[in-house]
Amino acid sequence: MKAKWLPIAAAVTAALASQAAFAVDFHGYFRSGVGISEDGDMQTFEKFKVGRLGNENETYGEVQLGQEVYNKDGKSFYVDSMVAMVSNQSNDWEGTGTSCNFDTKQCEDDATFALRQFNVQAKGVLGFAPEATLWAGKRYYQRHDIHISDFYYWDVSGAGAGIENIQAGPGKLSLAWTRSDAGELNNNILDVRYAGIPLWSDASLEVGADYAIANPTDDQDKVNDDIKDGVMLTAELTQNMLGGFNKTVLQYMSDSYATLPAYYGAGNWTSQDGASGDGFRIINWGVLPVGDKVEFGHQLVYGQSNDVTINGVTGSDADTFSAVIRPMYKWDDIQKTILELGYYRDTQDVRDQDSKDSSGQKYTIAQAWSAGSSFWARPEIRVFASYLKSGGDNGQTFNGSNNDDNTWNFGVQAEAWW
């Protein structure tokens with residue numbers, strides 16, 4: 001019996017030894033810190049709309065491990081993975097079932113863990129497009145976001161499959177099929193993108209279409225005959241300038257995608273509220289230097305949803321406007337002072353009801369120390385103070401039952417990616 005196992009043990013040892021020759025890629029992201037407000041715990045307030053600096057009160061982290069497991073004759077296979085967690089950064093030991101009240105003997109979860117990516121990416125395996133990548137599994141898929149507000153405006157990530165970066169004329173074509181269920185309703189997204197279209201000097205264009213296809217069961221069809229598909233069309237113009245960039249984005253949404261502009265959706269969610277409305281969104285954002293000492297990021301967002309369902313009422317309209325600017329002054333290669341100013345205003349015209357609006361402002365100042373002087377230099381440690389103010393008919397309130405329309409935050413946060 002022992003002799004039979006020797007060849008197997010030798011084969012396993014050889015396989016492990018061969019894998020050791022490949023380097024494991026280790027990437028990740030996190031933000032964490034400590035903060036207070038005049039209302040106790042640090043407050044958060046519409047960060048997509050007024051900016052994230054001094055406006056995040058959680059620990060969030062991603063750990064990504066990947067490895068090329070095969071590379072021969074121009075063909076390679078890569079396995080990628082990522083686990084993420086989020087917690088309220090209120091305790092030393094944060095995990096499942098570890099936040100306990102010792103008077104009531106009750107414990108609650110204060111950390112959530114999620115499998116965000118697990119996929120295989122194969123390059124050089126398609127004879128008709130050897131430069132392209134064939135992939136399948138769960139992954140972040142070509143996400144487009146505004147960093148200063150953490151707003152993802154084009155993101156259909158999830159479990160799926162596709163072929164990306166097929167050289168087609170001057171640009172690259174990508175095709176994907178991902179899944180993003182709407183509750184218990186099976187929902188599939190077909191995504192097509194054409195990127196890198198050259199325009200004038202230092203300018204390029206990317207265009208894409210997403211088709212959200214509902215796939216109801218017979219029972220679901222009988223219960224709800226208003227299940228709809230949705231379309232999202234996107235065009236993004238990128239202009240590189242002054243060592244930075246500016247992006248202008250136009251998006252159109254219909255039917256089950258029509259509420260995305262009003263609720264800052266990314267395309268990986270559909271409403272399935274029975275409405276046959278439409279909507280559009282205009283975005284301008286970027287990061288630009290002004291001389292050697294100043295750099296700033298900004299966002300401008302305007303979105304409109306028409307003939308959609310709001311608060312359960314079909315045939316309603318909504319629009320939103322957001323403006324955020326983050327200038328920073330560099331004292332040296334390590335130290336910088338950062339301001340972030342944000343404002344938003346939303347209006348809801350619910351059918352047969354009076355129009356209602358909400359608005360908000362945020363003012364943040366931070367002193368930061370980072371691994372370099374760039375706007376994007378990380379890791380970074382920030383000491384910040386923020387003032388938050390809400391207004392309008394549906395504005396957020398603070399301080400519990402006292403219903404204050406304003407509050408302040410003070411704290412320290414670290415952010416890193418690698």
Side-chain angles (χ1 to χ4, degrees), residues 28-63 82-92 94 99 109-114 116 140 143 145-153 155 263-264 266 285 287 296-299 301 322-328 336-344 360-371 375-390 395-399 406-418:
Y29 170 84
F30 86 86
R31 59 176 179 265
S32 183
V34 62
I36 60 171
S37 75
E38 63 176 320
D39 303 319
D41 189 16
M42 182 177 163
Q43 305 292 298
T44 60
F45 176 55
E46 300 285 6
K47 74 173 181 177
F48 294 168
K49 304 175 184 179
V50 298
R52 67 193 295 183
L53 185 65
N55 194 24
E56 294 174 315
N57 66 350
E58 80 282 343
T59 291
Y60 177 78
E62 299 171 342
V63 175
M82 177 186 285
V83 176
M85 68 83 65
V86 63
S87 73
N88 62 12
Q89 67 184 24
S90 63
N91 296 292
D92 171 32
E94 293 185 306
S99 179
D109 295 351
D110 60 9
T112 302
F113 294 82
R116 298 305 310 276
Y140 287 170
R143 306 188 306 169
D145 71 296
I146 304 173
H147 174 71
I148 63 173
S149 62
D150 207 27
F151 170 36
Y152 286 79
Y153 54 88
D155 179 15
Y263 298 111
Y264 287 69
W285 75 280
V287 176
F296 70 93
H298 79 279
Q299 80 165 36
V301 178
S322 163
V324 184
I325 185 170
R326 183 192 287 191
M328 52 178 274
K336 59 186 73 169
T337 299
I338 308 171
L339 299 177
E340 187 171 87
L341 315 175
Y343 170 82
Y344 86 91
Q361 307 166 47
K362 181 183 73 74
Y363 307 92
T364 300
I365 184 170
Q367 183 64 29
W369 296 263
S370 59
F375 186 94
W376 304 102
R378 302 293 186 276
E380 184 170 87
I381 298 174
R382 310 146 176 162
V383 179
F384 63 83
S386 294
Y387 175 74
L388 314 174
K389 181 173 177 57
S390 175
Q396 179 175 325
T397 57
F398 308 97
N399 199 20
N406 66 91
T407 189
W408 55 260
N409 288 329
F410 174 76
V412 183
Q413 184 191 52
E415 183 182 45
W417 52 66
W418 63 94

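At least one side-chain heavy atom of V412 sits less than 4.5 Å from a side-chain heavy atom of I381. Contact of the F375 side chain with the I148 side chain is registered, since non-hydrogen atoms from C-beta on lie closer than 4.5 Å. With a 4.5 Å cut-off on side-chain heavy atoms, V324 and L341 do not count as touching. A 4.5 Å side-chain heavy-atom check between E58 and R31 finds at least one atom pair inside the cut-off. With contacts defined as side-chain heavy-atom distances shorter than 4.5 Å, the pair N409/I36 does not qualify. Contact annotation: the side chain of Y152 never approaches that of F48 to less than 4.5 Å [non-hydrogen atoms, C-beta and beyond]. At least one side-chain heavy atom of F410 sits under 4.5 Å from a side-chain heavy atom of V383. Between V63 and R116, every side-chain heavy-atom pair lies at or beyond the 4.5 Å cut-off.
Side-chain atoms of S386 come within 3.5 Å of backbone N or O of G54 as a donor-acceptor pair. Although no hydrogens or angles enter the test, the distance criterion places no donor-acceptor pair under 3.5 Å between the side chain of N57 and the main chain of T44. Between the side chain of S322 and the backbone N or O of K49 there is at least one donor-acceptor pair closer than 3.5 Å. In this structure, Q89 contributes its side chain and G33 its backbone to a donor-acceptor pair below 3.5 Å.
Here W369 pairs with nothing under the ring-ring contact (aromatic ring centres under 6.0 Å, His included) rule; sequence neighbours left out. In this view, K389 and D405 satisfy the salt bridge (Lys or Arg N to Asp or Glu O under 4.0 Å) rule, not counting sequence neighbours. In this view, S390 and F45, Q396, F398 satisfy the side chain to side chain contact (heavy atoms under 4.5 Å, CB included) rule, not counting sequence neighbours. Residues forming a ring-ring contact (aromatic ring centres under 6.0 Å, His included) with Y264 (at least two apart in sequence, or on another chain): F151. Applying the salt bridge (Lys or Arg N to Asp or Glu O under 4.0 Å) criterion to R326, with sequence neighbours excluded, gives E340. Residues passing the ring-ring contact (aromatic ring centres under 6.0 Å, His included) test with Y344, sequence neighbours excluded: none.
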Should F30 and W418 be marked as a side chain to side chain contact (heavy atoms under 4.5 Å, CB included) after you check the CA-CA gap, both sets of side-chain angles, and the distance that decides it?
-> CA-CA 10 Å; F30 86 86; W418 63 94; 4.0 Å; yes
Carefully, step by step, assess Y29 and Y60 under the rule side chain to side chain contact (heavy atoms under 4.5 Å, CB included).
-> CA-CA 8 Å; Y29 170 84; Y60 177 78; 3.8 Å; yes
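The minimum heavy-atom distance between I338 and M328, with the atom names listed, is CG1-CB, 4.0 Å. Nearest heavy atom pair, residue E94 against residue S87, reads OE1-OG, 2.6 Å. The minimum heavy-atom distance between T59 and S32, with the atom names listed, is OG1-OG, 2.7 Å.
In this structure, Q299 CD and I325 CD1 are separated by 11.5 Å, a value rounded to the nearest 0.5 Å. With rounding to the nearest 0.5 Å, the separation of CG in N55 from OG1 in T364 is 7.0 Å. Taking CE from M42 and CH2 from W408, the interatomic distance works out to 11.0 Å, rounded to the nearest 0.5 Å. The distance from the CG atom of L339 to the OG1 atom of T337 is 8.0 Å, given to the nearest 0.5 Å. Taken to the nearest 0.5 Å, the OG atom of S37 stands 4.0 Å off from the CD atom of Q43.
Defined by atom type and a distance below 3.5 Å, a donor-acceptor pair is missing between the side-chain atoms of Y387 and Q361. A donor-acceptor pair shorter than 3.5 Å can be found between the side chains of D39 and T407. With no hydrogens or angles considered, a side-chain donor-acceptor pair links K336 and S370 at under 3.5 Å. In summary, the side chains of W285 and Y153 do present a donor paired with an acceptor at a separation below 3.5 Å, with no hydrogens or angles considered. Side-chain atoms of E62 and Y140 form a donor-acceptor pair, as typed in the model, at a separation below 3.5 Å.
In this structure, W376 has its ring center under 6.0 Å from that of H147.
In this structure, R382 forms no cation-pi arrangement with F384, as its terminal cationic atom is not both closer than 6.0 Å to the ring centre and no more than 45° off the ring axis.
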